[in-house]
Amino acid sequence: MNIAKVVVDVPASQTNRVFDYLISEKFLGAVQPGMRVIVPFGPRKIMGFVLEITNHSDFHHLKEIHDLMDVTPVLTDELLELGNWLSEKTLSFYISVFQAMLPQVLKAKYKKELQRLTEEALPEKLEEIFAGRDRMDYEEFLQRNGNLRILQQVIQEGLVEIHYQVKSKETIKKETMISPNKQLFFLEEALANLPKQAVKQKQMLLYFLKNPEVVSQKQLLSDLQTTRSTVKSLLDQDLLKESKQEVYRNPYKQENYPKTLPLELTDDQKQSIHPILRAIEKAYHEVFLLHGVTGSGKTEIYLQSIQEVLNRGEEAIVLVPEISLTPQMVERFKGRFGSDVAVLHSGLSPGEKYDEWRKIQRHEVKVVVGARSAIFAPFENIGIIIIDEEHETSYKQEDHPRYHARDVAIYRGKNHSCPVVLGSATPSLESFARAKKNIYTLLTMPNRMNKMSMPAVKIVDMRDELHAGNRTMFSRELKAAIEQRMNKKEQIVLFLNRRGYSTFVMCRDCGYVMECPHCDIALTYHRKNERLKCHYCAYEEAMPQLCPSCESDMIRYFGTGTQKVEEALQQLIPEARIIRMDIDTTRRKGSHEKLLNQYGRHEADILLGTQMIAKGLDFANVTLVGVLAADSLLHIPDFRAAEKTFQLITQVSGRAGRHKLPGEVIIQSYTPEHYSIQLASKHDYNNFFVKEMEIRKAFQYPPYYYLTLITVSHPNQVKVQEVVRTISQLLQKHLSSHSRVLGPTPAPLSRVKDRYRYQCMVKYKNEPKQKEILKKILDYYQDEMQRNDLFIQIDLQPYQLM
DNA sequence: ATCCTGAATGCG
DNA sequence: GCATTCAGGATT
């Protein structure tokens, strides 16, 4: 057993397979599947993952593994196998899939160094660059305009060598610890001998005499109000000693989570949790779709199910959409399970993520709560997997590997023979359809906890407002309702959708709209520095004084940003205290929580925000929710537009009247008759499902059909069109007659960063050969993708059609 | 991806 | 005749 099968860190189709390496005496027994190793590959050294240890290879000139990067495997056997499956499913390289399963810091870093081998004189230019040293960075060589031809020559002559280095980025945070070095009477003796002026040193010795335990230097210094120099003196006298102790970076250190206890379940909850608990006890795999209205207490079901899993000594994975956005959720899990919980989300620094991941790897925690990638938590004894807000599109990764966390969850659920719970107030059509077909088990909770009724929803037709002469973005009804709540000292949440609210610049004379010269999209006006910025690339320019087309000075910005809404609102209701939450006000770390806490303490009447306030918020005093433009999502070119609108209105409405006070929701719309708005206002998911399914069926969209979206981009428009046409013809020819190939058409974003984008789409029900064909297409164009700046993107079951 | 090779191209 | 660019091939 001295041969390792290794997947190397070269994401290309030619290298997307295993390479065999000899395990030398030194590493025999130490190398295990799932470890990262450094292997020679051509002239360089690169990182690779060991998949398997065997004693046979068909290849005869094996090289040896150069070094190990891990002491214990970073991928479990299950994850290795999962990676295999996932790379097939998503048409991704093995290496990309494995990298996606691990924290960023475990990705290898590569460095090249030049090493001088002799004292012999080198060509003049080279001597200049080396400047007396015998080794230097290759990067520096290039920066100093090093000549590659000459370098090659001296390498061939054996005067210089290139060293290829592989480095790991991971760092383990260490804390300096201080403790007494000798028996205490030595300290006492030293204390007497210290000079009078050494006040701080005396204090420190007394400190240790009183409490001779190891203490962190940080703690010591703050306790004694002194600096490192005091410690240093005592260290020099050998009275104290220092040591390093590994510590976890703790992003949640300040918070003390009050312990919470299981709540008494409602009848709805009891009925729903029962089948889940049974699956846990019997240890069988089953997918549950937990459809519970907002405020029905889904989280409590998660918590109590997890408790059962923990009682059995098993582990739990909980996925939530971008958890940094819901500190309240973290609080509930940490409150119930304390230090058994690891939290993984995008708000953490790479080092913090690594530390949380290590707690999982070392089995120091039993529960992980995190965003999409937490589905790869290296647990080995999973008892339940929960996906909250399962309809959220953020569970689909938009770059390689293009996986959906739901699919991975179900796959792992089968592996571990454990239940998977998908929870939502507005399940995706895909999931609900599966539940109807009994592929998933449907659990329904139609009532809110505490017998609260669903909030009353009123739809305001904004066209009527306009006819009545109200040209603001707030209807008279909404304004009156806000003022009424403020008088009652109750709070208000106002939601506006960022999409359709960006501000563009147009000439009033000729209608010219300022567009990005590199992308097919209007520029966005930023008031802060009076500049126009492109949403898709780095381009920006100053706000023009005159229209570039007709030189009129009537060029103005249109549309409404959150900032502008805030100003208008303030003008309308001057006494209102407003907190605005959008990307601008929450960019700084922790500011999100700070604003929410302020709002929770009723330091503001109105919380005005975008997507980020749509879910998870739970404030007892909120009795009014306003949706400023409910239909702004309806007009995007996406067959899921109605579904997204329904989900959003439902989620936002759910923020009102969750506790003792009854809630009200006001929805402003220019198309109030649309069924997604009408049915959302009646909290009628079932009829929405029926109606929307009819439309999906008629237009051959999911869940009736599967989609494959192929997007091709290249700087040359003709080239792109030609490639997409070829691809679409190939698909047409080789796929069954039941499938439909649409396109080629320009992508909704037809040009980004000076690259033209065209796409074609396959609609199919059953197409087992499809992946083979797509692989062949990719193989065929591989060369052009490498050398000719051609880009082909294949998304199986896309969620983002742009 | 990156490196090596040898052939094609460009400039004087 | 030289350097520079390009296409093809290999990596255990």
Side-chain angles (χ1 to χ4, degrees), chain A residues 1-28 31 33 35-69 87 91-100 107-115 123-126 137-139 141-142 145-158 160-167 169 399-401 714-716 719 778-793:
Chain A
M1 301 295 268
N2 63 340
I3 288 167
K5 298 203 170 285
V6 175
V7 166
V8 294
D9 184 12
V10 181
S13 58
Q14 294 149 292
T15 48
N16 191 37
R17 56 189 179 88
V18 291
F19 289 83
D20 298 349
Y21 285 89
L22 268 178
I23 305 172
S24 63
E25 194 68 28
K26 184 163 63 156
F27 297 131
L28 214 60
V31 186
M35 279 185 178
R36 295 172 303 152
V37 289
I38 298 172
V39 291
F41 199 66
R44 39 191 191 132
K45 288 193 184 67
I46 57 176
M47 190 273 283
F49 288 101
V50 178
L51 294 194
E52 211 187 323
I53 314 268
T54 62
N55 49 21
H56 172 263
S57 172
D58 294 327
F59 194 80
H60 295 294
H61 315 285
L62 294 181
K63 292 185 182 174
E64 284 186 349
I65 288 179
H66 178 260
D67 206 356
L68 310 188
M69 290 179 84
S87 74
L91 295 177
S92 303
F93 303 127
Y94 299 115
I95 190 71
S96 318
V97 174
F98 292 136
Q99 311 255 44
K107 259 183 108 176
K109 267 258 184 274
Y110 298 101
K111 227 179 93 178
K112 282 194 275 184
E113 251 186 7
L114 299 184
Q115 167 89 52
E124 193 182 340
K125 185 80 203 251
L126 265 179
D137 271 12
Y138 182 75
E139 285 299 314
F141 171 79
L142 290 180
N145 264 326
N147 184 315
L148 287 170
R149 181 98 208 110
I150 299 173
L151 181 63
Q152 257 175 341
Q153 203 159 343
V154 292
I155 288 171
Q156 231 154 41
E157 289 167 22
V160 173
E161 205 173 56
I162 296 187
H163 283 276
Y164 293 87
Q165 293 177 354
V166 184
K167 288 203 173 148
K169 282 185 289 187
D399 48 310
H400 272 154
H714 190 272
N716 181 339
K719 176 75 193 168
L778 280 179
D779 263 7
Y780 177 76
Y781 282 109
Q782 172 216 313
D783 207 58
E784 281 198 85
M785 289 169 71
Q786 214 171 90
R787 296 188 200 282
N788 193 13
D789 212 10
L790 180 69
F791 197 67
I792 300 177
Q793 187 179 305

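Sequence lines set the chain letters: A, B, ... in the order given, protein chains first and strands last, and positions in each chain run from 1.
The side chain of Thr15(A) lies closest to dA1(B) when the candidates are dG8(C), dA1(B), dT12(C). In the set dC3(B), dG8(C), dT12(C), the nucleotide with an atom closest to the side chain of Tyr164(A) is dC3(B). In this structure, of dA1(B), dG8(C), dC3(B), it is dC3(B) that holds the atom nearest to the side chain of Pro43(A). Side-chain proximity of Phe19(A) to the nucleotides dT11(C), dA1(B), dG9(C) is greatest for dT11(C).
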| Can you list the steps and then say if Tyr94(A) with Phe49(A) is a ring-ring contact (aromatic ring centres under 6.0 Å, His included)? | CA-CA 10 Å; Tyr94(A) 299 115; Phe49(A) 288 101; over 10 Å; no
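Panel note: side chain Ser24(A), backbone Glu64(A); no donor-acceptor pair is recorded below 3.5 Å.
Residues Gln152(A) and Gln14(A) each lie close to DNA chain B; by heavy-atom proximity, the contact nearer the 5' end of the strand is made by Gln14(A).
The distance from atom NZ of Lys63(A) to atom C1' of dA10(C) is 11 Å, rounded to the nearest whole Å. In this structure, Asn2(A) places its CG atom 18 Å from P of dT12(C), rounding to the nearest Å. What separates CZ of Arg787(A) from C1' of dC3(B) is a distance of 11 Å, to the nearest Å. Here dC3(B) presents its P atom at 12 Å from CZ of Phe41(A), a figure rounded to the nearest Å.
Gln152(A) meets the side-chain contact (heavy atoms from CB on, under 4.5 Å) test with Arg149(A); sequence neighbours excluded.
A sub-4.0 Å separation between OP1 or OP2 of dT2(B) and a side-chain N or O of Tyr110(A) is absent. OP1 or OP2 of dC3(B) sits under 4.0 Å from a side-chain N or O of Lys112(A).
In this structure, Glu784(A) pairs ionically with Lys719(A), as a charged nitrogen and a carboxylate oxygen lie closer than 4.0 Å.
Both stacking criteria are satisfied for Phe59(A) over the base of dT12(C): a centre-to-centre distance under 5.5 angstrom and an angle between ring planes under 30 degrees.
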